[in-house]
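Please read these numbers as outputs of a predicted model, since none were measured by experiment. All chains are named by letter (A, B, ...) in the order of the sequence lines, taking the proteins before the strands, and each is independently numbered beginning at 1.
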Amino acid sequence: MEQAELAALLFPKTGKTLADYETVYPPRRLPPGAPVTRLAPSPTGFIHLGNVYGALASERLAHQNGGLFLLRIEDTDEKREKPGAVEALIEALAYFGLRFDEGAAAAGERGAYGPYRQRERVGLYHAAARALTERGLAYPCFCSEEELQEIRAAQAAAGANFGYYGAWAKYRDLPPAEARRRLERGEPFVLRWRAPEAAAAATVTVTDAVRGALVLPANEQDIVLLKSNGVPTYHFAHVVDDHFMRVTHAVRGEEWLPSLPVHAQLFAALAWEPPVYCHTPLLLKMEGGGKRKLSKRKDPELALDFYRREGYHPLAVREYLMTILNSGYEEWRLAHPGTDMEEFSFSLAKIGASGALFDLQKLNDISKNVFAALAPEETADFLRQWAEAMSVSALLKAPREYLTAIAAIGRREANPRKDFIYGAQIFSFISFFFDECFQAEDPLPDNMTGAEAGRILTEYLAAYDHAAGKDGWFAALKRLAVAGGYAEKPKDYKKQPELYKGHIGDVSAVIRLALSGRKNSPDLWEIQQAMGEQRVRGRLAAARQRYGGPG
RNA sequence: GGCCCGUUGGUCAAGCGGUUAAGACAUCGCCCUUUCACGGCGGGAACAUGGGUUCGAGUCCCAUACGGGUCACCA
């Protein structure tokens, strides 16, 4: 009775009861076995790779099996919240191809199981809190921060485990009359869970979809359910929300494993069926010979923003995450090039249990393949998009057709070039195509004088036929080289170097330098075709002038 | 420190009691070639350690070691 009074005092009966909510949020009408998954990020403004990683798993799980994927915003920590974070998050996930069927949206939200922002759900939490308090399973705790610290210090001195539990839980058995007095005086309090007395020796068995059966020590901590501002902690919100949103699979990082017994206890106490837990391995990073969890502060590549700024293609990031998320994906991709990722049969069983080192080289390799498979128009559009986001003026000024022509170089064949990795890299790779970026970066070959280079350019320019096909163009180049005293084939030159000034490679090096400013570039003929006759002639003439050649 | 999770080449990984222990990335060598790239061929490189169980163990069990996570009115 005392408990009921306490509950009434704590949570005046104004809103709905737990039973009411059961009818407000009825079981979903979905085909049997259709999963309901969610992404439940905290709107701190920092969107990281882990968000996409978890979201990808959840999204595939739901959509591959006729289920739903929803977005819930865990905004219970006002201190860490950043304005605009929700919008940014939704936008970023959409960029990476992750769409929600339900939940928080840029403008409002949609779905019948909302609200989807936790701060707007306090009615639900309080109804659950009230029910637990009535049953004596929750109680108000008036510990100040100082008291908590004292407990901690005493535990340290005694060599006991840290936390608020058992005999250390000083307000656990506060007489209700005393609690009432303090409440009436308006003392701040948190609502704590009363862990079962027998917990110390007990174990819980939870089946994790990734790790199998886990036998864990039962929770004995009187964890905080509601903070002093009345807003729930993660643990409580997770249980209440995933129940009433009828979430069937909780995909989250393995850092949650230690609190699993808490969640199991809460679900059991409320007689709700817990979701299937899927604890995904952590994303790690190599440092100083050791591995560690990717850190927000130290690792720029953890921020999703990094991939956008660098200009990684969203598909590449998805592909990469999928390769570490589901074993066998890489092999499948190799066997099914060009097939949409959604055709791959994603499964929880294929999620590994051990943490994966984040491997930028692998991402780069995947990116190359993604760009190799893209139509030149798509690549051009992607670059323009990236250029716009990053204000890369040279790219923005370039006509779409020009970019498309550049992107097409070496990519129409059966074995496309794989030298496009990400926006920033591509831009620096192709910058010479843009007059405002062009510069003579590399020097002439050692055996080439400026005068000789000027001579070659003069002749090349005179004979240049923009309309010639590749074979015709190369034949003409050979004639020019041979007439100038160069070997037609490098092998001939190697055999008898005394007979020649050099070989055809030296001649093309001069032209390559004139056109691109670099000693390495894609195929010359293709460059010329992409550049157009006017630009080609201009570059050649300018180079000739640099080398002091005639006119 | 307590508790938990994990451990196959440099990295990601396949393997689910009997294999010459896949594959991919990276790396190295050779070939192709007007440069670069692409491509082709090939090389080096792994079951953390110790005990069991078993005719037989990377695969099952137990220890140890190592790595990671977690012990907030953060999620």
Side-chain angles (χ1 to χ4, degrees), chain A residues 40-44 74-77 79-80 118 141 143 145 148 152 156 159-164 188-192 208 210-211 214-217 221 223-235 237-238 252-261 279 281-282 284 286 290-293 320 323-324 327-331 333-334 352-366 368 372 409-411 413-420 429 442 445 474 477-478 481 486 488-491 503-509 511-513 516 518-525:
Chain A
S42 184
T44 60
E74 311 231 324
D75 56 357
T76 55
D77 186 7
K79 292 186 291 293
R80 299 199 311 160
Q118 289 181 332
C141 163
C143 255
E145 210 170 303
L148 251 16
R152 200 184 159 79
N161 284 338
F162 296 130
Y164 198 92
F189 69 95
V190 298
L191 190 74
R192 282 190 186 271
D208 179 276
V210 174
R211 282 148 222 273
L214 300 168
V215 181
L216 307 166
Q221 297 278 340
I223 55 130
V224 173
L225 261 17
L226 294 177
K227 304 189 246 184
S228 56
N229 61 0
V231 169
T233 56
Y234 169 85
H235 308 294
H238 151 58
R252 41 143 80 149
E254 95 175 77
E255 71 267 24
W256 288 109
L257 234 26
S259 51
L260 195 45
H279 289 95
L282 262 18
L284 308 172
M286 185 63 88
K291 298 177 184 180
R292 64 167 172 76
K293 188 179 173 184
Y320 176 63
T323 64
I324 52 182
S327 61
Y329 180 73
E330 230 180 322
E331 286 73 11
R333 171 52 77 209
L334 241 33
S354 56
L357 282 184
F358 181 78
D359 187 350
L360 203 58
Q361 277 183 322
K362 189 84 177 186
L363 205 215
N364 284 160
D365 179 68
I366 289 170
K368 288 180 191 175
I409 292 175
R411 273 154 216 284
E413 295 92 71
N415 288 327
R417 289 175 70 92
K418 295 182 180 173
D419 42 19
F420 282 13
F429 187 68
D442 292 324
F474 194 53
L477 183 70
K478 273 185 181 167
Y486 292 85
E488 185 181 337
K489 291 179 179 150
K491 272 180 188 156
H503 61 82
I504 187 158
D506 299 314
V507 177
S508 29
I511 295 159
R512 173 167 285 112
L513 248 11
S516 71
R518 305 173 184 183
K519 64 179 194 300
N520 300 332
S521 81
D523 182 81
L524 275 180
W525 182 79

Out of B:A75, B:C4, B:G69, which has the shortest distance to the side chain of A:Leu257? B:C4
With a 4.0 Å cut-off on heavy atoms, is A:Pro281 in touch with a base, just the backbone sugar-phosphate, or nothing at all? nothing
Does A:Ser521 reach a base, just sugar-phosphate, or nothing at all? Heavy atoms under 4.0 Å. base
A:Arg152 side chain near B:C71 phosphate (N/O to OP1/OP2, under 4.0 Å): no
When we call it a touch if two heavy atoms are under 4.0 Å apart, what does A:Glu330 touch: a base, just sugar-phosphate, or nothing? base
Are A:Lys227 and B:C74 close enough that a side-chain N or O sits under 4.0 Å from OP1 or OP2? yes
Side-chain (A:Tyr320) to main-chain (A:Asp359) donor-acceptor, under 3.5 angstrom: yes
Just to confirm, is there a sub-4.0 Å distance from OP1 or OP2 of B:A75 to any side-chain nitrogen or oxygen of A:Thr76? yes
Scan A:Ala509 against the nucleic acid and name what it touches under 4.0 Å (heavy atoms): base, sugar-phosphate only, or nothing. nothing
With sugar-phosphate meaning primed atoms plus P, OP1 and OP2, does A:Glu331 contact a base, only sugar-phosphate, or nothing at under 4.0 Å between heavy atoms? base
Taking any heavy-atom pair under 4.0 Å as a contact, classify A:Ser259: base, sugar-phosphate, or nothing. nothing
In whole Å, what separates the C1' atom of B:U7 from that of B:A63? 15 Å
I'd like the P distance from B:A26 over to B:A37, given in whole Å. 12 Å
Taking atom C1' in both B:G43 and B:U54, compute the distance separating them and give it to the nearest angstrom. 38 Å
Give me the distance, rounded to whole Å, that separates B:G15 from B:C47 when you measure between the C1' atoms they each carry. 10 Å
So A:Asp523, base contact, sugar-phosphate only, or nothing? Heavy-atom distance under 4.0 Å. base
Closest listed nucleotide, where the reference is the side chain of A:Ser354 and the choices are B:C73, B:G2, B:G6: B:G6
Tell me whether the OP1 or OP2 atom of B:C25 has a side-chain N or O from A:Lys368 closer than 4.0 Å. no
Of A:Leu216 and A:Trp525, the one whose closest nucleotide on RNA chain B sits nearer the 5' end is A:Leu216
Checking base pairs now: Watson-Crick or wobble, both atom distances under 3.5 Å. What partners B:A65? B:U7
Quote, to the nearest angstrom, the P distance that separates B:G29 from B:G67. 34 Å
Let's test your reading of the model: under 3.5 Å, does the base of B:C36 pair with the side chain of A:Arg518 as donor and acceptor? no
Minimum-distance nucleotide to A:Ala356 side chain [options: B:A13, B:C3, B:C36]: B:A13
Closest to the side chain of A:Tyr234, out of B:C25, B:A75, B:U34, is B:A75
Please confirm whether the shortest side-chain N or O distance from A:Lys491 to OP1 or OP2 of B:C32 is below 4.0 Å. yes
Options B:U34, B:C73, B:A26, nucleotide nearest the side-chain atoms of A:Ser508: B:U34
Please indicate whether A:Lys227 has more than 12 foreign heavy atoms, meaning atoms of other residues, nucleotides or ligands, lying under 6.0 Å from its NZ. yes
Which atom names give the shortest non-hydrogen contact between A:Arg192 and A:Cys141, and what distance separates them? NE-SG, 3.3 Å
With no hydrogens and no angle check, just 3.5 Å: does a side-chain donor-acceptor pair link A:Arg80 and A:Thr44? no
Ignoring hydrogens and angles, tell me if any N or O in the side chain of A:Glu254 forms a donor-acceptor pair with the backbone of A:Pro281 under 3.5 Å. no
Using the P atom as the reference point in each nucleotide, state the distance between B:G52 and B:U59 in Å, no decimals. 15 Å
With rounding to whole Å, what would you report as the distance between B:G68 and B:C25 at their P atoms? 29 Å
Of the listed nucleotides (B:G69, B:U11, B:C74), which one gets closest to any side-chain atom of A:Glu255? B:G69
Let's see if you can work this out: which of B:G6, B:C4, B:C74 has an atom nearest to the side-chain heavy atoms of A:Asp77? B:C74
Assign A:Cys141 to base, sugar-phosphate, or nothing according to its heavy-atom contacts below 4.0 angstrom with the strands shown. nothing
May I ask you to say what A:Arg192 touches in the nucleic acid, namely base, sugar-phosphate or nothing, with a heavy-atom cut-off under 4.0 Å? sugar-phosphate
Identify whether a stacking contact exists between A:Phe162 and B:C71, where the ring centres must be under 5.5 Å apart and the planes under 30° apart. no
Students often get this wrong, so: under 4.0 angstrom with heavy atoms, is A:Val224 touching a base, only sugar-phosphate, or nothing? sugar-phosphate
Less than 3.5 Å between a donor and an acceptor, one on the side chain of A:Lys362 and one on the base of B:A26, is that the case here? no
Regarding A:Arg333, tell me which of base, sugar-phosphate or nothing describes its non-hydrogen contacts under 4.0 Å with the strands shown. nothing
Is any side-chain nitrogen or oxygen of A:Thr233 closer than 4.0 Å to OP1 or OP2 of B:C73? no
Using the P atom as the point on both nucleotides, what is the distance between B:G6 and B:A13, in whole Å? 14 Å
Using the closest heavy atom to pick a nucleotide of RNA chain B for each, name whichever of A:Pro522 or A:Ile324 lands nearer the 5' end. A:Ile324
Within the 4.0 Å heavy-atom criterion, would you say A:Pro490 contacts the bases, only the backbone, or no part of the nucleic acid? sugar-phosphate
Does the side chain of A:Lys519 get closer than 4.0 angstrom to OP1 or OP2 of B:A37 through an N or O atom? no
With the side chain defined as heavy atoms from C-beta on, A:Asn520 is closest, among B:G69, B:A26, B:C36, to B:C36
Compare the minimum distances between each of B:C74, B:U34, B:U7 and the side chain of A:Ile504, then state the nucleotide with the smallest one. B:U34
Out of B:G6, B:C12, B:A14, minimum distance to the side chain of A:Ala353 belongs to B:G6
Name the nucleic acid region contacted by A:Leu477, choosing base, sugar-phosphate or nothing; use a 4.0 angstrom heavy-atom cut-off, strictly under. nothing
Side chains of A:Ile504 and A:Tyr486: does their closest heavy-atom pair fall under 4.5 Å? no
In the structure I gave you, are the side-chain heavy atoms of A:Asp77 and A:Gln118 within less than 4.5 Å of one another anywhere? no
How long is the line joining CG of A:Asp365 and C1' of B:C38, in whole Å? 13 Å
Parallel, tilted or perpendicular: which fits the ring planes of A:Phe429 and A:Phe420, with parallel below 30° and perpendicular above 60°? perpendicular
Determine yes or no for a side-chain-to-main-chain donor-acceptor pair under 3.5 angstrom, with A:Asp208 supplying the side chain and A:His279 the backbone. yes
Just checking A:Ser228: base, sugar-phosphate only, or nothing, at a heavy-atom cut-off of under 4.0 Å? base
